[in-house]
Amino acid sequence: MPPEVQKAPVSVQDAYRFAVANPEVLSQVPCYCGCGAVGHTSNYDCYVKDVQSSGSIEFDSHALGCSICVDITRDVMRLTQEGKALEDIQTYINRTYSQYGPPTPLKP
C-alpha cells in the first residue's frame, strides 16, 4: 500500500485492502459520493486507478478523504462476510446511499 494509505485510519486501510482483493465485487457496486463526475464507474475506482499487465497497482487517493466511499466498502465487506449475494449487496447499497447523490455509471 502507498504511504498515504498506510498512514490512514485502520478502517480506510482495510477498505483499500478489500478493494485490491475483491475487484470483481466492488467493480459491480456503485458509489454515491459524486465521483462519477471525475470518471469513476464504481466504488472500486475510488481505490484503484489502474492495474498494469505486470500486476502493479496504481492507487487512487480519492477514498482517503471520502467517508461515503469507505462506508460503502465497509458495508460491502460486512455483507460479503455474511454470505450475501452480489444482487442483495447492490440492493442494500442503492437503498442506503442513494440519498447522497447519483450513482456511478457501472460498466456493463
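As the structure is a prediction and not an experimental result, all values here were calculated from the model.
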Original post:
For residues 15-38, which residue pairs qualify under salt bridge (charged side-chain N to carboxylate O under 4.0 Å, His left out), counting only residues two or more places apart or in two chains?
Top reply: D14-R17
Original post:
Same cluster or not: are Y16 and V38 linked, directly or through other Ile, Leu, Val, Met, Phe, Trp or Tyr residues, by side-chain heavy atoms under 4.5 angstrom apart?
Top reply: no
Original post:
Any idea which heavy atoms bring V25 and L86 closest together, and the distance?
Top reply: O-CD1, 4.2 Å
Mind listing the side-chain donor-acceptor pairs of residues 4-12 below 3.5 Å, one per line with the distance, residues two or more places apart or on another chain?
| unit_1 | atom_1 | unit_2 | atom_2 | d |
| --- | --- | --- | --- | --- |
| Q6 | NE2 | M1 | O | 2.5 |

Original post:
Are I89 and Y100 connected in a single hydrophobic cluster, I mean Ile/Leu/Val/Met/Phe/Trp/Tyr linked by side-chain heavy atoms less than 4.5 Å apart?
Top reply: yes
**OP:** Consider only side-chain heavy atoms of I, L, V, M, F, W and Y, link residues closer than 4.5 Å, and tell whether V20 and I72 are in one cluster.
**Re:** yes
**OP:** Name all pairs fulfilling the side-chain hydrogen bond (donor to acceptor under 3.5 Å, both in side chains) condition that reach into residues 48-57, sequence neighbours left out, sorted by first residue then second.
**Re:** D50-Q52
**OP:** Check the hydrophobic clustering (I, L, V, M, F, W, Y; side-chain heavy atoms under 4.5 Å; chains of links allowed) and say if V29 and L106 are grouped together.
**Re:** no
Original post:
Who are the side-chain hydrogen bond (donor to acceptor under 3.5 Å, both in side chains) partners of R74, not counting sequence neighbours?
Top reply: none
Original post:
D88: what forms a salt bridge (charged side-chain N to carboxylate O under 4.0 Å, His left out) with it, not counting sequence neighbours?
Top reply: none
**OP:** Provide the full list of side-chain hydrogen bond (donor to acceptor under 3.5 Å, both in side chains) pairs with a residue in residues 28-41, sequence neighbours left out, each pair given once.
**Re:** Y32-N94, H40-D60, T41-D45
**OP:** With sequence neighbours excluded, tell me which residues meet side-chain hydrogen bond (donor to acceptor under 3.5 Å, both in side chains) with D75.
**Re:** R78, Y97
Subject >> Heavy-atom pair of closest approach, residues P30 and T104 >> reply: CA-OG1, 3.3 Å
Original post:
Going by heavy atoms in the side chains, are P103 and C31 under 4.5 Å from each other?
Top reply: no
Original post:
Taking only residues two or more places apart in sequence or in another chain, which ones pass side-chain hydrogen bond (donor to acceptor under 3.5 Å, both in side chains) with T73?
Top reply: N43, Y47
Subject >> N22: partners by side-chain hydrogen bond (donor to acceptor under 3.5 Å, both in side chains), with sequence neighbours left out >> reply: none
**OP:** Write down the atom of V70, the atom of A15, and the distance for their closest heavy-atom approach.
**Re:** CG1-CB, 4.2 Å
Original post:
Taking only residues two or more places apart in sequence, or in another chain, which ones meet Y44 in a ring-ring contact (aromatic ring centres under 6.0 Å, His included)?
Top reply: none
